[in-house]
Amino acid sequence: MSLRLDRKASITGIGQSQIGRRIHRDPLELTLDACLAAIEDAGLSREDIDGIATYPGNMAVPAGFSGAGVTEVHDALRLHLNWFCGGPEAPGQLGSVINACAAVATGLAKHVLCFRTVHEASAQGKGGRSPIMPGGGGGGGKPPKAPGMMQWNLPFRAYSAANWIALFAQRHFHEYGTTREQMAQIALNARKNAAQNPNAIYRDPMTLDDYLSARMISTPFCLFDCDVPADGSTAIIVSASDAARDLRKAPLYVESVGSALRGRPSWDQFDDLTTMAVRDAGKMLWEGTDLKPDDVDVAELYDGFSFIAMAWLEALGFCAVGESGPFIEGGERIARDGSLPLNTQGGQLSAGRLHGYGMLHEACTQLWGEGDARQVPGSPEVAVAAAGGGPLGGCLLLCRA
Amino acid sequence: MTDQPFRLLPRVTEANEHFWRGGADGELRFLRCQACQTFIHPPQPVCPQCLGRQLAPEAVSGRALVATFTWNHQAWIPGEATPYSIAIVEIEEQPDVRLTTNIVNCDEATLRIGLRVRVVFEERDGVYFPLFEPAETRE
């Protein structure tokens, strides 16, 4: 079976709304800001858009997790769609973009508007990062019952993805001798890059001492291992490559994607308690291309929790399984001028939890040379963007034409 | 266990009540395929191993091994006492059957990956949460 996309899908435009903490703006307006910016960036008009893909679709809970679904955007822009798709059952947040690639590659659509909107910072209010709770955790009356698959972790007070991912991280520490000092480099590198990104949320310098003295959330994760809830929307235009050639910018080919989940789709029943589902998505990415990990010039790897970026480094073959700790030790290798610049916009840890789409947006930004002060040297030609942790994982390999 | 924390209740149905109510008889129960003897968790109507349909709840020993753990320090529900442990344990009879659970009667110095534990039940509104405590004495 061929897993090849044959460069039939390209990214032609990107856009982002205002991003911030508790900006209290209508999430649909943020969404439309991002979508219109992306359409303009591609040199298209809304009449050209004939597809929509989004994650996780319209969801009322957890609060702020979904800022808009397909229907609202479709109607607000009065689009004439040939194909659309939105929902949470996908290979991670970028699974929606992978769906769009498949749609344009098979001719079901020509220009697909992909978006992801969060307004968790405003929705969670002063309470800080909220647990994953049906009903949003607040309100009076009887507490809700743990639904579906959530019945296997919520009753055991494992309320947050911080707990679920910490369990994987702890096992990794145990099996491979990984340390908090090593893991810290994901957070420190992100903060250093965020200082060069005017749209990042946390830009003040952070030291290893700051990191090691931060309060614990769920061992081995301290506060700085957890990304920062944000308000904001990101949009990406995925176009059929034969419709992408004469647009405003040089298209970025989607060389390959990783959407595989070959183990059990579960937070606690997945066969390997150190790798998570990203293992399978990462492997599939290289099954669809002749390129090798060495060819990648810049990597934007989901850091909802710092450990997830380490799992992606291993899954994508940038280092051997178990060796992400030594790989990032000291931070030089993943710095903006290192051999594998990582999370160049500041990651979700410092730039804000745009939930995967921010990583793809940044990969495109770097390939188009639009990174300004944070642009990596050497005019990068190949980038990888990856999102998801636990049972979620999806990734894309992008190339400049 | 004197200080019982808040716990979200599961929605108990015909499909899962052997699990959530087994503690009333002091038993940790899982569905088991009567054809190939595979324990199945979470419950489902068809054996994932042999696709058999003759499935019945059976008790296991309640012995398990800590596969991984975390100490949760964040009060996700205002006022909750922290830290508390969350662990994934592997059932002795079939290690690929795992439970996310809490390790109780266990301090930070004792809890480690590989610790042998045994089930204890905490009851709330007729639901018996399978928790685990150390099954070995420290040397």
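In what follows, chains are A, B, ... by sequence order, proteins preceding strands, each numbered from 1. Remember, predicted model here, so these are calculated numbers, not experimental data.
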Which value, rounded to the nearest 0.5 Å, describes the distance between A:Lys145 atom NZ and B:Leu9 atom CG?
-> 5.5 Å
Determine whether more than 12 heavy atoms belonging to other residues, nucleotides or ligands lie under 6.0 Å from atom CD of B:Glu108.
-> yes
If you count heavy-atom pairs under 4.5 Å between each of B:Phe129, B:Phe69, B:Tyr84 and chain A, which one has the most?
-> B:Tyr84
Please walk me through it: do A:Asp268 and B:Thr100 pass side chain to side chain donor-acceptor pair (under 3.5 Å)?
-> CA-CA 7 Å; A:Asp268 53 12; B:Thr100 297; 2.6 Å; yes
Going from CG on B:Leu8 to OH on A:Tyr159, what distance comes out if it is rounded to the nearest 0.5 angstrom?
-> 5.0 Å
Pairwise distance CD1(A:Ile217) to CH2(B:Trp76) - rounded to 0.5 angstrom | 6.0 Å
Side chain, backbone, both or neither of B:Pro130 within contact of chain A (heavy atoms, under 4.5 Å) | both
Examine whether an atom of B:Asp96 lies under 4.5 Å from a heavy atom of chain A, and if so say whether it belongs to the side chain, the backbone or both; otherwise answer neither.
-> backbone
Assess whether atom CZ of B:Arg53 is packed by more than 12 heavy atoms of other residues, nucleotides or ligands within 6.0 Å.
-> no
For the residue pair A:Phe156 and B:Trp20, categorise the inter-ring angle as parallel (less than 30°), tilted (30 to 60°) or perpendicular (more than 60°).
-> parallel
Report yes if the distance between the aromatic ring centroids of B:Phe19 and A:Trp152 is under 6.0 Å, otherwise no.
-> yes
From B:Thr101 atom OG1 to A:Asn153 atom CG, the distance as rounded to the nearest 0.5 Å | 11.5 Å
A:Ala166 versus B:Thr70, closest heavy-atom pair with distance | CB-OG1, 3.6 Å
Partner chain B: residue of A:Gln151, A:Met149, A:Gln269 with the largest heavy-atom pair count (under 4.5 Å) | A:Gln269
Between B:Thr68 and A:Leu167, is there a donor-acceptor pair closer than 3.5 Å when you use the side chain of the first and the backbone of the second?
-> yes
Answer with side chain, backbone, both or neither: which region of B:Ala87 has an atom nearer than 4.5 Å to a non-hydrogen atom of chain A?
-> backbone
OG (A:Ser218) and CD (B:Gln74) are apart, to the nearest 0.5 Å, by 9.5 Å
Chain A contact via B:Val97 - which portion, at a heavy-atom distance below 4.5 Å | backbone
Most contact-rich option vs chain B, by heavy-atom pairs under 4.5 angstrom, among A:Arg215, A:Gln170, A:Arg157, A:Arg264, is A:Arg157
Around B:Glu80, counting heavy atoms of other residues, nucleotides and ligands shown, do more than 12 lie under 6.0 Å from its CD?
-> yes
